[in-house]
Protein chains: 2
Amino acid sequence: MRDEVKTPYGGAVPDTPDPISEAHRQWSARWPEHADHMAAVTSVMRAQQLLLSRIEAVLKPHGLTFAAYEALRLLAFTRTGTLPMGKMGTRLMVHPASVTNVIGRLERRGLVGRAPSPDDRRVVLATITPAGRDLAEEATVALNEAGFGIAALPAERAAEITAALRAVRVSVGELSDE
Amino acid sequence: MRDEVKTPYGGAVPDTPDPISEAHRQWSARWPEHADHMAAVTSVMRAQQLLLSRIEAVLKPHGLTFAAYEALRLLAFTRTGTLPMGKMGTRLMVHPASVTNVIGRLERRGLVGRAPSPDDRRVVLATITPAGRDLAEEATVALNEAGFGIAALPAERAAEITAALRAVRVSVGELSDE
DNA sequence: GGAAACTATTTTAACTTCCAAATATTGGAT
DNA sequence: ATCCAATATTTGGAAGTTAAAATAGTTTCC
């Protein structure tokens, strides 16, 4: 009886020992000075894919995608539980259209309410409902218990990743160097 | 005259100095033992978003998305320029349906051809055309020149990222520890 | 030789993202 | 007072993703 783990696709298994080292070698042959950059970018892409797939698996039983979870958590972390749509886009760093989309779906499920701002009628305020708060809390507990998909990774390794990637954010100008 | 860079959304600017440190602080207050994992995962997500947006900006003038570029490059790197659809999915680590999708679009543009395998008629072979090769080469040069979106990052920093993320791939079981 | 099991690809359907183009609303300059 | 430029959100459309089901072809094993 085979085990048949039913991996979601983020868990697909490569057919070479380490596809990234492999690609690095290939690149080195023709563009040696760019091979490290290529490998770093590919690593980020692949890590993101793996992590996202694990996180969504944790969230799925709670009926949330990662995008929905982030939106809900953002509102839950706000004192009043309310934020203008535009502000949410900035904080989550996603396109305004995406915010409209996610909040629309959360609204239909009664997890978030939507109302025009009294101060500026162009602005729409999203507000988390009690049900939304409960779900956010529940999902957060689940994610923590799952160690965000990398429970097996020692905390120091995790911190190294954050540090190494800070350089990317700085280089791209998201962060001031300081 | 303001500069108005017209940032694609990956380039949105946060409104706090470092949103990730911020989140780490928030998390530490309630779930100290998970804060590092949370921050690492968030960093990967954010870095991916930033890099993808820069890379797609480089690719756009050539009429390619990143997914399309990867498929084309994979074929171009093959000696014969031909690969079964399934194999492409494995190599690129994407769902078979995505391969069908991307190859379909490339085929319509004459960059790739498609034909059933003579050996096994379940199998469909994708083959890069001369036009496809030219475009792949052109796009690769552009990406190299742009340093894959992180030209400003010293090669050593790039290598650190690859090393740090290898731990994720190992922890998730994509790679054997060796 | 034929039924059953497995494999490869495509289709369908549900989501997500982003961009570009409306639509409103506000606020500043004349 | 009004016109014009900026701002906030939504809509519509192209792409990409995955899961699940449908189709077709191959193998395996009595």
Side-chain angles (χ1 to χ4, degrees), chain A residues 1-2 4 6-12 45 48-50 52-57 59-60 63-71 83-90 92-109 114-126, chain B residues 1-2 4 6-12 45 48-50 52-57 59-60 63-71 83-90 92-109 114-126:
Chain A
M1 133 180 130
R2 315 236 275 66
E4 268 315 334
K6 185 60 163 300
T7 43
Y9 253 85
M45 298 293 175
Q48 189 267 350
Q49 185 185 6
L50 290 166
L52 184 60
S53 118
R54 302 195 126 211
I55 286 174
E56 299 233 284
L59 254 19
K60 190 164 194 174
L64 291 173
T65 62
F66 187 55
Y69 169 73
E70 287 206 305
L83 234 38
M85 301 288 276
K87 192 78 175 178
M88 294 191 70
T90 311
L92 299 173
M93 316 241 206
V94 299
H95 198 281
S98 301
V99 178
T100 298
N101 197 333
V102 180
I103 293 296
R105 212 153 328 98
L106 291 174
E107 185 186 26
R108 262 169 261 135
R109 295 174 54 193
R114 216 198 300 224
S117 161
D119 302 335
D120 181 339
R121 294 207 321 244
R122 290 169 304 183
V123 171
V124 173
L125 299 173
Chain B
M1 130 181 134
R2 314 237 273 64
E4 267 316 334
K6 184 58 163 303
T7 41
Y9 253 83
M45 299 293 176
Q48 189 267 351
Q49 185 184 7
L50 289 166
L52 183 60
S53 120
R54 302 195 127 212
I55 286 174
E56 299 232 285
L59 255 19
K60 190 165 193 174
L64 290 174
T65 61
F66 187 55
Y69 169 73
E70 286 206 305
L83 234 37
M85 301 290 276
K87 192 78 176 177
M88 294 191 70
T90 311
L92 299 173
M93 316 239 208
V94 300
H95 197 282
S98 297
V99 178
T100 298
N101 198 336
V102 181
I103 294 295
R105 212 154 323 99
L106 291 173
E107 186 185 26
R108 260 168 262 137
R109 294 174 54 192
R114 216 197 302 223
S117 162
D119 302 335
D120 180 340
R121 295 207 322 244
R122 290 169 303 183
V123 171
V124 172
L125 298 172

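A, B, ... follow the sequence lines: proteins, then strands. Residue 1 opens every chain. Keep in mind that what you see is a predicted model, and the values were worked out from it rather than measured.
Between the C1' atom of dT18(D) and the CD atom of Glu56(A) lies a distance of 10 Å, rounded to the nearest Å. Computed from coordinates, the Ile103(B) CD1 to dT11(C) P distance equals 14 Å when rounded to whole Å. Rounding to whole angstrom units, CG of residue Leu50(A) and P of dT17(D) are separated by 15 Å. Computed from coordinates, the Gln49(B) CD to dC19(C) P distance equals 11 Å when rounded to whole Å. Taking atom CG on Leu83(A) and atom P on dT9(D), their separation rounds to 10 Å, with Å as the unit. Following rounding to the nearest Å, Asn101(B) (CG) and dC15(C) (P) show an atom-to-atom distance of 18 Å. As rounded to whole Å, 17 Å separates atom C1' of dT18(D) from atom CG of Leu64(A). One atom, CG of Leu52(B), and another, C1' of dT17(D), lie 13 Å apart when rounded to the nearest Å.
In this model, the phosphate group of dT10(D) is approached by a side-chain N or O of Arg114(A) to a distance below 4.0 Å at OP1 or OP2. The shortest distance between the side-chain N/O atoms of Ser98(B) and the OP1/OP2 oxygens of dT17(D) is below 4.0 Å.
Each of dT9(C), dC19(C), dT17(C) was ranked by its minimum atom distance to the side chain of Val102(A); first place goes to dT17(C). When distances run from any side-chain atom of His95(A) to the nucleotides dT10(C), dA20(C), dA8(C), the shortest one goes to dA20(C). With dC19(C), dT9(C), dT10(D) as the candidates, the nucleotide lying closest to the side chain of Pro84(B) is dT9(C). Nearest to the side-chain atoms of Thr100(B) among the listed nucleotides dT10(C), dC18(C), dT9(D) stands dT10(C). In the set dT9(D), dT11(C), dC18(C), dT11(C) carries the atom at the smallest distance from any side-chain atom of Ala97(B). In the set dT17(D), dC19(C), dT26(D), dT26(D) carries the atom at the smallest distance from any side-chain atom of Arg121(B). Relative to the side chain of Val94(B), the nucleotides dT17(D), dC19(C), dT10(C) differ in distance, and dT17(D) lies closest. Closest to the Asp120(A) side chain, of the nucleotides dT26(C), dT9(C), dT17(C), is dT26(C).
Comparing Val99(B) and Ala68(A) against DNA chain C, the residue whose closest nucleotide sits nearer the 5' end is Val99(B). Between Pro118(A) and Lys60(B), the residue whose closest nucleotide on DNA chain C is further toward the 5' end is Lys60(B).
To the nearest 0.5 angstrom, Arg108(B) atom CZ is 9.5 Å from Leu106(B) atom CG. Distance check, rounded to the nearest 0.5 Å: CG of Leu52(B) to CD of Gln48(A) gives 8.5 Å. To the nearest 0.5 Å, atom OG1 of residue Thr65(A) and atom CD1 of residue Ile55(A) are 12.0 Å apart.
Between Arg109(A) and Leu64(A), the closest side-chain pair of non-hydrogen atoms falls below 4.5 Å. Proximity of Glu70(B) to Val102(B): side-chain heavy atoms (C-beta onward) are nowhere separated by under 4.5 Å.
One can find a donor-acceptor pair under 3.5 Å joining the base of dT7(C) and the side-chain atoms of Arg122(B).
The minimum heavy-atom distance between Met45(B) and Phe66(A), with the atom names listed, is CG-CE2, 4.1 Å.
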